[in-house]
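Computed from a predicted structure; not experimentally measured. Heads up: numbering here begins at 1 and tracks the sequence.
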Amino acid sequence: MKKLWISIVAGLLVLPMLFQAPAQAAAKPIRVIIDGVTLSTDQPPVMVNGRTMVPLRAIFEAFNADIKWNQKTQTVTAFQNDTTIVLKIGSKIATINNKAVSLDVPGQNLKGRTMVPTRFVSEALGREVGWNPGAQIVTITTPVPVGGNAAPVSGIAAQDISDYGDGRDLQVSFNRAADESLVDHYRVLIAKTGTTLNLSSALAVGSNNYSVALVTGANPAVKLNADARTIDGDLIKNNQGYTVYVVTVGKGNNTSALSSAAAVTLQNKAVPALGTLQVKDTSDYGDGRDLSVSFNKLADESKISTYRIFVVKASNSTVFDLGRANAVTGNNYTQINKTGNNISMNLSSGSRDTDGALIKTGVSYRVYVLAVDSSNAANNVLSPASAALTLANAGVSNLNVTDVNDYNDGRDLKVTFNHASDETNISQYRILVVPTNLYSTFGLSDANNVSSANYTAVGTSGGYTEQILNASSRDVRGSLIRNGTSYRVYVLAAGYGNNSGSNVLSAASPAITLANTSGLSAISNLSVSDVSDYGDGRDLRVSFTHAGDESYISHYRILVVPMNYYNSFSLSDANNAGNYTTASTSGNSTNQVLDSAAKDVRGAAIKPEISYRVYVLTVRNGSYQGANVLSEGSAAISLSAKLPVTSVTNVTYGMDNGKVVVNFTKSARESNLSEYRVFVVPSKQSFGTAEALNVQSSYYRSAVPNGSNLSVAAAARDINGNPVVKGTKYKVYVLAVANSSGVQNGGLSDSSDEFEF
């Protein structure tokens, strides 16, 4: 292990000479080749400060190492044989078997992937690394043990996956050998039932009569091709029993191994075609209950388990095929058990199309039926599409919406529609304003359940309605109607009494977003973030883009609104709020951290663990006579409380080859720590947290929290930069360093006992 440690340190020291200077974009893409196989990654390798970085999971799995990832601490721990590696993203300190190693380039996040240094990981796990700068290729080689024994594979599974009548019907999967450093490749052999093999006869099979699986670092799944043959040279076919073997072919002088056998018989299990499919519009509920689907059952239902009815938007039907049908989630189709009779049924009120939207009037659909094979989805059969059908209802018609004023509330929205031709059973019409982001899932049952406070009722008098909503009008969620939000409007024709079964919901209006056209407009791109841990307004950052034309704007007001007050917060409330933070019109945007005295609109201090939304009010100047404009609310934010740092305990020292080794019990909570720092302090010198935070980094040693108690070699110099010498008495301290953004904090341990060389 000591030799491995020396090799790793030496590799890290010569690494800068092997790699070129930092390059943001290499002339050629970087390739990483492990034992002759190109490492496949979803994020290509990149060069950072002369170091090749690769995705964490891809390289550790290629080496067959076990890994544990701690999302909270951003730490990966890898295990292979007797080697344990701990690497924290963003830290230049890693550990190998609890010994700290300095990295020139730390692990880091790139485009959603965690990247780690290739050379460090490879050499730490005993591989040899080479670099070809001209070809931009990193080669990683596993030293081949001489005279090793390659292990047989396990878990062989032979599956009948198709119905071509040849080798394409057969897939063989298995668990790779325990140590692939000894393996050159695998051979998949197909023998007729009754034929037995030993290792010698398996290795003698000609290359035309087996399939090869390369070593990739993953468990292979080999799909055979149409020309695949048995070990006797015969083509693979249906209705023949086979025995499957896998040979692990050893690399170099390493011996090969033969697996146990797996049996399979290929059969043609295709489901016959479906009968006539018809769809009809039979009711006026305004949802799936209006759609009747009928089709002829299969003459032979012995090979299927169920039928699935898919309702597909006509605009999507040209690309709807068997693959897409098999991939539709269970919430987005109607399933029917085989009944022995031809099927005729109406869908339910909660039925959805294949996009997940509720079925509704005014949308053109085509319907498909899938016959589901009981054993293999590849054999499912999809019907041809039905004729296109658009559901209609007996409710209102010619629904239209327009933006007519500049009050910045419901008075800006005018709704017009023609009444139903027969109003005998209609008690009233209800105008429902639905945010567009809820539109796809809004159906009749939702409309029936909207509170009377959240719709506008209109009588049946006359054959036509032209209605401007009022200042207190709300959308179906209970939020006040306002500028800047996209809406769609529905009209519900409501029956007498509480009988919602006779209600009819209209199709949705075109989308409309109310705007102020008289000279004042709202801000945009409003966002909020938690930036510190002071426990007051200084933790809250607010950013937004100013209005495009600020000619009539005096200033902006940042309003912090508790979530339990959110649904009732309006322009009138904003104008009357006495607690806000002012932002000027200077520049094109504002990015402001509130101050410690900032309060919410009720006058309460801003503090952690309360959920808020933030609004920005655009305030007019004296030359403009129109109304102020209120933005949409921000996303909800709850400021996190500061977690105190817990110091380490049981700090002791020991000697190892003339060097001080410090042992300690880890902090009780490591989730808010970035590192531990180990200090050697002259006994007579006072030392506290403030002094510890200001010690130069070259005068202490760091260790990454890893969930375990630690042993760290101390620095060769004390906190003053002086060499640690004989005859001087010292004490050792350990500082637990917080990772809280914007807060400098640490927990200093008690000292160790006094010692000297």
Side-chain angles (χ1 to χ4, degrees), residues 8-9 12 56 68-78 84-109 114-117 120-121 124 532-533 642-653 659-681 687-719 721 732-752:
I8 292 167
V9 173
L12 292 170
L56 175 155
K68 292 182 179 180
W69 169 249
N70 189 320
Q71 178 66 27
K72 183 178 292 186
T73 63
Q74 293 285 289
T75 301
V76 61
T77 304
T84 300
I85 301 172
V86 179
L87 189 150
K88 181 179 177 64
I89 302 308
S91 174
K92 287 190 175 182
I93 302 296
T95 66
I96 301 174
N97 291 343
N98 289 328
K99 293 185 179 295
V101 180
S102 297
L103 305 177
D104 290 338
V105 177
Q108 53 195 264
N109 290 317
T114 302
M115 310 291 282
V116 295
F120 167 72
V121 171
S532 296
D533 284 304
K642 177 180 176 182
L643 294 174
V645 170
T646 304
S647 301
V648 308
T649 56
N650 302 324
V651 178
T652 62
Y653 70 91
K659 294 184 178 180
V660 178
V661 177
V662 181
N663 303 297
F664 56 89
T665 302
K666 69 181 184 69
S667 169
R669 177 179 53 247
E670 291 187 322
S671 62
N672 63 335
L673 299 184
S674 62
E675 63 179 348
Y676 297 112
R677 297 177 185 173
V678 177
F679 305 96
V680 179
V681 183
F687 193 66
T689 300
E691 289 83 4
L693 288 168
N694 289 313
V695 174
Q696 293 185 26
S697 60
S698 56
Y699 299 157
Y700 61 78
R701 289 290 180 265
S702 296
V704 177
N706 66 2
S708 303
N709 299 329
L710 294 177
S711 178
V712 180
R717 295 180 180 272
D718 65 19
I719 61 170
V732 176
Y733 296 79
V734 178
L735 180 72
V737 182
N739 60 13
S740 301
S741 174
V743 176
Q744 187 180 43
N745 201 353
L748 188 64
S749 71
D750 293 334
S751 70
S752 69

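Across all non-hydrogen atoms, the minimal contact from S674 to P705 is O-CD, 3.6 Å. Residues P106 and G90 approach most closely at CB-C, 3.7 Å, considering heavy atoms.
I85 is not listed as a side-chain neighbour of T77, based on a closest heavy-atom distance of 4.5 Å or more. Under the 4.5 Å side-chain criterion, counting only non-hydrogen atoms from C-beta, L735 is in contact with F679. At a threshold of 4.5 Å between non-hydrogen side-chain atoms, the residues T114 and V76 do not count as touching. The shortest distance between side-chain heavy atoms of V645 and V737 does not fall below 4.5 Å.
Here N70 pairs with T73 under the side chain to side chain donor-acceptor pair (under 3.5 Å) rule; sequence neighbours left out. Listed by chain and residue number, nothing satisfies the side-chain contact (heavy atoms from CB on, under 4.5 Å) test with D750 (two or more places apart in sequence, or in another chain). Scored by the side chain to side chain donor-acceptor pair (under 3.5 Å) test, S91 finds no partners at all (sequence neighbours excluded). With sequence neighbours excluded, the residues that form a side-chain contact (heavy atoms from CB on, under 4.5 Å) with T646 are S667, A668, R669. Not counting sequence neighbours, the partners of E691 by the side-chain contact (heavy atoms from CB on, under 4.5 Å) test are F687. When the side chain to side chain donor-acceptor pair (under 3.5 Å) test is applied to Q71, the partners found at least two apart in sequence or on another chain are W69. The side chain to side chain donor-acceptor pair (under 3.5 Å) search around S751 returns none, not counting sequence neighbours. Remark: E670 engages no residue in a salt bridge (Lys or Arg N to Asp or Glu O under 4.0 Å) (not counting sequence neighbours).
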Using distance only, find each side-chain donor-acceptor pair of residues 709-719 under 3.5 Å and give its atom names and separation, not counting sequence neighbours.
unit_1	atom_1	unit_2	atom_2	d
N709	OD1	K666	N	3.0
S711	OG	N663	OD1	2.8
R717	NH1	G721	O	2.7
D718	OD1	N720	N	2.9
D718	OD1	G721	N	3.1
D718	OD1	N722	N	3.0

Report all side-chain donor-acceptor pairs from residues 697-704 shorter than 3.5 Å, counting only partners two or more places apart or in another chain.
unit_1	atom_1	unit_2	atom_2	d
Y700	OH	R677	NE	3.3
S702	OG	E675	OE1	3.1

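Atom CG in N98 sits 7.0 Å away from atom OG in S708 (nearest 0.5 Å). Rounding to the nearest 0.5 Å gives a distance of 4.0 Å between CD1 of I96 and CZ of F120. Here the OG1-CG distance, from T84 to N97, works out to 5.5 Å after rounding to the nearest 0.5 Å. In this structure, F664 CZ and S647 OG are separated by 11.5 Å, a value rounded to the nearest 0.5 Å. Taking CG of L693 as the reference point, atom CG of L748 lies at 8.5 Å (rounded to 0.5 Å). In this structure, OG1 in T689 is found 11.0 Å from CG in N694, a value given to the nearest 0.5 Å.
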* **Verdict with reasoning, I89 to T75, per side-chain contact (heavy atoms from CB on, under 4.5 Å)** => CA-CA 6 Å; I89 302 308; T75 301; over 6 Å; no
* Asked: For V678 and Y653, what are the C-alpha separation, side-chain angles and deciding distance, and is it a side-chain contact (heavy atoms from CB on, under 4.5 Å)?
  -> CA-CA 11 Å; V678 177; Y653 70 91; over 6 Å; no
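Although no hydrogens or angles enter the test, the distance criterion places a donor-acceptor pair under 3.5 Å between the side chain of S752 and the main chain of V732.
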